[in-house]
**Student:** 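Structure in structure tokens, see below.
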Amino acid sequence: MQAEYAIIGGGVVGLSVAWGLQRRGLRVVVLDGSDGDFRASRGNFGLIWVQGKGMYAPRYAEWTRGSAALWAAFASELGECTGRDLWLRQDGGYEVFFDDAEMARTAAAYEGLKARLGGDYPYEILGGNALRREEPAIGPRAVGAILHGEDGHTSPLLLLRALADDFRRLGGRVLTGRQVIAVDRPDGFRMTCADGETVEAGKIVLAAGLGAATLGPMLGFRAPVRPQRGQILITEKLPKLLRRPTVDLRQVEAGGVQIGATNEEVGFDDHSTQPAMARLAARAVETVPALAKAQIVRSWAALRVMTPDGLPIYQESAAMPGAFLVTCHSGITLAAAHALRLPDWLEAKRGAPDLAAFSEDRFSR
Amino acid sequence: MAEFDLAIIGAGPAGMAAAVTADKAGLRVALLDEQPRPGGQIYRNVSQASADRVRVLGADYALGRGLTTALAESGVQHIHGAVVWAIEDGFRLSYTANGTAAQVSARRVLIATGALERPLPIPGWTLPGVMTAGAAQILLKGSGIVPRQAVLAGSGPLIYLVAAQMVRAGVPPLALVETQSTRDMIGALRHMPGALRGWRGLAKGLGLIRELRRAGVKRFTGADRLKVEGMDRAEALCFRAGGEDHRIACETVLLHHGVVPNTQVARSIGVSHRWSSAQQTFTPVLDAWGGTDRPGLFIAGDGAGISGAMVAEIAGRLAALKLAEEAGHLGISERDRRAAPLLRARARELAIRPFLDAAYPPYPGALRPDDDTLICRCEEVTAGEIRQTATLGCLGPNQAKSFTRAGMGPCQGRYCGLTVTAILSQTTGQSPDETGYYRIRPPLKPVTLAELAAMAETGATNPEGE
Ligand SMILES: Cc1cc2nc3c(=O)[nH]c(=O)nc-3n(C[C@H](O)[C@H](O)[C@H](O)COP(=O)(O)OP(=O)(O)OC[C@H]3O[C@@H](n4cnc5c(N)ncnc54)[C@H](O)[C@@H]3O)c2cc1C
Ligand SMILES: Cc1cc2nc3c(=O)[nH]c(=O)nc-3n(C[C@H](O)[C@H](O)[C@H](O)COP(=O)(O)OP(=O)(O)OC[C@H]3O[C@@H](n4cnc5c(N)ncnc54)[C@H](O)[C@@H]3O)c2cc1C
């Protein structure tokens with residue numbers, strides 16, 4: 001057996017799990033696809049975001065908050081081991097509103113969630129002036145914001161790189177350019193790649209993002225994931241303008257302001273489009289009028305890995321025990337939980353998180 | 001949104017010739033170019049140039065007047081000062097002119113965006129006082145400014161031309177430091193029969209070299225280990241040639257080692273490209289008319305592969321004939337009758353290319369820069385950092401980009417793309433085609449948020465998700 005675990009997919013989800021397992025002394029190999037594959041991990045917004053998550057699914061809200069709480073330790077361990085600062089900023093984030101009624105509706109929904117969580121849900125409602133005291137760059141049309149203290153952001157690319165570096169430093173192996181096309185179980189699991197190469201492992205984790213839709217059924221999963229396009233813009237480097245991120249604006253480490261992201265159901269199409277770019281720009285300028293003069297130097301689009309209800313799937317295959325499906329929409333937010341808590345669940349250790357709420361059985365009910 | 005039968009991007013020889021030909025055939029044509037006046041690179045500003053400027057720039061330059069005059073007399077809508085920053089299916093082009101963003105739509109599009117100078121990353125190339133020979137020529141064509149105390153270094157016919165133009169302007173370069181060797185020249189001789197068929201091109205080159213010799217410009221060939229020295233700005237060019245180390249003190253270093261197709265527009269809409277080992281660059285995959293694998297989308301001129309201004313003009317006309325035929329304005333036999341002499345002329349003009357490509361290869365030192373040399377100047381990424389991503393398993397430039405930020409700056413990878421592909425390909429042992437190129441997206445050139453926002457159909461929308 002070449003490894004105890006093979007992880008199919010070297011995006012942020014696969015690498016977080018791989019790093020977490022390798023760090024516990026297990027032998028892990030990661031198989032990843034080609035340079036042109038769809039990779040949400042390379043095109044996401046970089047938020048560690050709690051607000052709004054699991055508004056009607058309290059277990060998801062808890063799981064997300066648990067990950068957000070682990071992020072500082074996760075980032076500092078990765079930072080120390082790789083000498084790379086992940087640029088984690090976690091002192092709150094906003095959702096900005098332009099309409100009083102809508103803000104009131106959202107606040108009421110948070111009260112409901114807070115009640116379901118036994119009163120433990122830290123958020124604040126800021127009126128327009130209070131918001132502008134915190135963020136002088138925010139324009140007069142904003143009526144207020146919800147500030148959630150557990151929200152934050154990081155550089156998703158530095159995270160990806162640090163995971164890749166440190167996984168290797170710990171002795172993990174990443175095989176790139178290896179598209180897995182078939183899996184069978186002569187003894188352990190055997191993966192066959194498009195180039196003919198085979199890899200064997202005792203257990204496997206399918207963390208192939210959108211690739212899970214094709215591979216999943218071979219392993220007995222439903223894997224109902226679909227693409228959802230998100231387009232993002234980024235400005236030239238600017239002097240400090242924003243203290244905290246909003247759900248669609250964040251100033252990145254190099255100074256550019258990142259503007260995101262659309263939610264488009266367009267299938268496997270990751271092109272940038274002018275109408276969406278214009279819409280994002282209009283909203284950004286409305287939120288922060290000083291951005292009007294800033295140059296957009298780049299745009300990109302990436303495909304979210306979405307389940308029907310937007311929640312993660314953590315599932316062991318009934319048909320092939322030892323094969324696990326791990327997929328989620330918010331892979332940055334959940335990276336800390338995936339790295340530090342999923343290994344216990346995969347290894348069925350005592351104290352493993354209860355992930356029954358995230359079984360894909362929920363889709364057959 | 002204004003609608004046309006044909007939109008052409010780029011008003012160099014290819015774009016102008018195509019526009020005039022298509023207009024004559026009865027198509028409604030829009031010609032968009034970022035420059036204030038038609039002409040492209042070679043004929044930049046020709047319609048406004050003084051007699052003295054034309055004397056300095058030479059007879060070839062004056063040839064451009066024929067095209068700019070024909071364009072002015074045509075019914076082509078020339079949208080000048082228009083930076084095209086997006087092209088989408090349909091086709092829809094987005095551009096900014098006079099600080100306002102606008103769009104045109106057209107059933108068919110011809111990309112005639114020409115060439116870019118191949119970046120020449122050597123130690124010190126990002127110091128103030130270092131620029132490309134082409135940039136120096138743009139200053140000369142646009143405003144008559146000639147750099148003083150300059151050394152020209154690199155390879156390719158364009159450096160002879162720029163050197164001769166500097167001589168004629170009364171400010172000769174201190175020296176010409178050429179990286180191609182006698183071995184390259186001897187190797188190129190097997191293409192001589194072809195080159196002789198295109199003898200006019202060859203004679204022009206020899207004439208320029210004679211002109212430089214007469215003016216007493218010092219010339220080195222087979223130069224290696226090029227390096228720009230200086231603390232805050234360029235102070236000298238150092239190199240090795242003829243078995244000796246040289247150091248030429250200077251104020252300006254003009255670097256050039258050939259031009260490569262500007263493929264950004266074509267790539268952004270998904271046209272397939274292949275590696276050309278003769279030209280050491282990617283070129284779009286085209287049929288004989290310049291048609292791409294996208295229906296209705298054509299490419300002509302140096303953007304299709306480097307062939308020079310005469311071929312660009314011919315290719316522009318050929319593409320226009322095919323486009324006019326597809327649009328139902330020209331019968332097939334008429335198209336072919338008019339194409340025949342153009343095809344013959346193109347074959348004649350192309351005869352010298354294999355010789356030029358072999359005689360003036362890019363400077364090898366810049367295709368394999370030292371680890372410490374910066375290759376992405378926007379984000380200050382070194383060659384060594386790119387090599388390191390390959391050892392981390394990055395197979396292509398898009399993965400390397402997300403690990404290093406190379407290619408994320410305002411130039412959209414125009415100046416580091418080929419170098420990154422080359423370094424990765426050398427390190428992984430995969431071919432340049434397997435390695436691939438940056439994914440190019442709009443905006444192809446920076447655009448302000450206000451310009452973009454003004455294009456939004458509705459006002460601001462609800463917040464969207466992370
Ligand atoms: C626009 C946008 C904004 C986002 N913003 C945020 C945010 O702010 N915060 C947040 O937490 N999340 C955000 N996300 C979501 C987050 O990016 C994803 O949850 C995460 O990247 C998913 O990672 P992944 O590893 O599952 O998938 P991917 O990154 O898509 O990686 C899948 C990998 O699997 C490989 N693969 C696929 N098939 C095969 C196969 N057959 N064999 C071998 N390898 C294969 C591919 O090569 C690829 O590398 C955003 C997503 C998008 C698109
Ligand atoms: C810097 C430089 C200087 C050169 N000087 C000479 C010379 O003096 N003599 C010579 O024989 N050859 C010269 N060449 C080679 C010469 O460019 C070509 O042989 C010839 O001009 C090719 O013609 P073309 O029509 O293909 O493109 P070009 O003449 O290059 O015309 C392309 C036009 O497209 C415009 N354009 C590009 N992108 C966009 C966009 N996104 N939006 C709007 N407009 C756009 C450009 O501004 C340009 O005007 C030079 C090349 C370069 C790069």
Side-chain angles (χ1 to χ4, degrees), chain A residues 10 32 34-36 42 44-45 47 49 52 95-98 102 157 160-161 164-165 168 174-177 230 233-236 246-248 254 259-263 271-275 277-287 291-301 304 330 333, chain B residues 85-89 92-94 101 103 268-270 378-379 389 391-405 407-413 424 428 430 434-436 439 441-443 445-466:
Chain A
D32 194 44
S34 71
D35 193 52
R42 237 162 40 182
N44 67 76
F45 205 67
L47 296 176
W49 214 245
E95 177 170 353
V96 177
F97 291 87
F98 294 89
E102 199 186 316
L157 298 180
L160 198 63
R161 168 112 201 221
D165 273 352
R168 278 188 181 74
V174 180
L175 306 175
T176 51
L233 310 175
I234 188 158
T235 69
E236 63 190 303
T246 78
V247 72
D248 50 14
I259 301 163
T262 57
N263 299 84
H271 284 89
S272 305
T273 67
Q274 176 277 329
M277 290 169 67
R279 217 155 19 107
L280 291 173
R283 185 175 165 82
V285 171
E286 181 166 34
T287 313
L291 285 175
K293 291 200 196 76
Q295 303 256 356
I296 293 297
V297 294
R298 259 180 322 128
S299 77
W300 66 90
R304 295 185 183 83
S330 291
T333 308
Chain B
W85 49 261
I87 174 169
E88 288 170 80
D89 275 331
R92 179 171 61 191
L93 306 184
S94 304
Q103 295 186 312
S268 77
I269 193 166
C378 300
E379 298 291 336
T389 68
T391 62
L392 271 177
C394 290
L395 300 171
N398 295 302
Q399 286 162 294
K401 176 176 173 177
S402 53
F403 278 0
T404 61
R405 300 188 59 81
M408 287 196 187
C411 89
Q412 278 269 13
L424 287 175
T428 62
Q430 291 194 317
E434 286 165 327
T435 305
R439 171 81 183 262
R441 291 180 178 274
K445 304 267 172 94
V447 51
T448 69
L449 273 169
E451 287 160 25
L452 257 179
M455 301 173 92
E457 270 144 38
T458 54
T461 47
N462 290 331
E464 303 193 59
E466 48 153 79

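First the proteins, then the strands, lettered A, B, ... as listed; each starts at 1.
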**Student:** Where does B:Cys378 contact chain A at under 4.5 Å (heavy atoms): side chain, backbone, both or neither?
**Tutor:**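 Contact with chain A: backbone only.
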
**Student:** Apply side chain to side chain contact (heavy atoms under 4.5 Å, CB included) to residues B:Val447 and B:Met455 and explain how you reach the verdict.
**Tutor:** CA-CA 12 Å; B:Val447 51; B:Met455 301 173 92; over 6 Å; no

**Student:** Side chain, backbone, both or neither: which part of A:Asn44 has a heavy atom under 4.5 Å from chain B?
**Tutor:**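 For A:Asn44, there is no contact with chain B at all, as no heavy atom is under 4.5 Å.
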
**Student:** Decide yes or no for B:Leu392 and A:Arg161: does some side-chain heavy atom of the first lie under 4.5 Å from some side-chain heavy atom of the second?
**Tutor:**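 Touching, per the 4.5 Å side-chain cut-off.
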
**Student:** Give, as side chain, backbone, both or neither, the part of A:Val174 having an atom under 4.5 angstrom from any heavy atom of chain B.
**Tutor:** neither

**Student:** Where does A:Thr235 contact chain B at under 4.5 Å (heavy atoms): side chain, backbone, both or neither?
**Tutor:**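 Just its side chain gets close to chain B.
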
**Student:** Between chain A and each of B:Ala86, B:Ala450, B:Ala454, count heavy-atom pairs under 4.5 Å; write down the option with the most.
**Tutor:**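 Heavy-atom pairs under 4.5 Å are most numerous for B:Ala450.
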
**Student:** Determine the minimum heavy-atom distance between A:Ala301 and B:Arg441, stating which atoms define it.
**Tutor:** O-NH2, 3.1 Å

**Student:** Restricting to non-hydrogen atoms, name the atom on A:Ala281 and the atom on B:Leu449 that form the minimum distance, rounded to 0.1 Å.
**Tutor:**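 Smallest heavy-atom distance, with atoms named: CB-CD2, 3.5 Å.
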
**Student:** Closest approach of B:Leu424 and B:Cys394, non-hydrogen atoms and distance?
**Tutor:** CD2-O, 4.2 Å

**Student:** Does any heavy atom of chain A fall under 4.5 Å from the side chain of B:Thr391, the backbone, both, or neither of them?
**Tutor:**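 For B:Thr391, the backbone is the part near chain A, not the side chain.
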
**Student:** For A:Ile234, which atoms come within 4.5 Å of any heavy atom of chain B: side chain, backbone, both, or neither?
**Tutor:**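 Neither part.
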
**Student:** Answer with side chain, backbone, both or neither: which region of A:Arg168 has an atom nearer than 4.5 Å to a non-hydrogen atom of chain B?
**Tutor:** side chain

**Student:** Between A:Arg304 and A:Asn263, is any pair of side-chain heavy atoms under 4.5 Å apart?
**Tutor:**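 With C-beta onward as the side chain, the pair touches.
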
**Student:** If the condition is salt bridge (charged side-chain N to carboxylate O under 4.0 Å, His left out), which residues does B:Glu88 pass it with, not counting sequence neighbours?
**Tutor:**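 Applying salt bridge (charged side-chain N to carboxylate O under 4.0 Å, His left out) to B:Glu88 gives B:Arg92.
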
**Student:** State which residues pass salt bridge (charged side-chain N to carboxylate O under 4.0 Å, His left out) with B:Arg405; sequence neighbours excluded, sorted by chain then number.
**Tutor:**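 Scan of B:Arg405 (salt bridge (charged side-chain N to carboxylate O under 4.0 Å, His left out), adjacent residues dropped) gives B:Glu379.
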
**Student:** Would you mind checking which part of B:Thr435 comes under 4.5 Å of any heavy atom in chain A, side chain (CB onward), backbone (N, CA, C, O), both or neither?
**Tutor:**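 The backbone, not the side chain.
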
**Student:** Does any heavy atom of chain B fall under 4.5 Å from the side chain of A:Thr273, the backbone, both, or neither of them?
**Tutor:** both

**Student:** Measure A:Glu236 against the heavy atoms of chain B and call it side chain, backbone, both or neither at under 4.5 Å.
**Tutor:**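 For A:Glu236, there is no contact with chain B at all, as no heavy atom is under 4.5 Å.
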
**Student:** Quick one: closest heavy-atom pair of B:Leu452 and B:Trp85, and the distance?
**Tutor:** CD2-CH2, 3.7 Å

**Student:** Which atoms form the tightest heavy-atom contact between A:Thr287 and A:Phe98, and what is the distance?
**Tutor:** OG1-CZ, 3.4 Å

**Student:** Can you tell which of B:Pro442, B:Ser94, B:Pro410, B:Gly393 has the highest number of heavy-atom pairs within less than 4.5 Å of chain A?
**Tutor:**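 Highest number of pairs under 4.5 Å: B:Pro442.
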
**Student:** Under 4.5 Å from any heavy atom of chain B, what part of A:Leu175 do you find: side chain, backbone, both or neither?
**Tutor:**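 Contact with chain B is absent: no heavy atom of A:Leu175 under 4.5 Å.
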
**Student:** Let's test your reading of the structure: which of A:Leu47, A:Leu160, A:Asp32 forms the most heavy-atom pairs below 4.5 Å with chain B?
**Tutor:** A:Leu160

**Student:** Using non-hydrogen atoms only, which part of A:Ala254 is less than 4.5 Å away from chain B: side chain, backbone, both, or neither?
**Tutor:** side chain

**Student:** With chain B as the partner, which of A:Gln274, A:Arg42, A:His271 has the greatest number of non-hydrogen pairs under 4.5 Å?
**Tutor:** A:Gln274

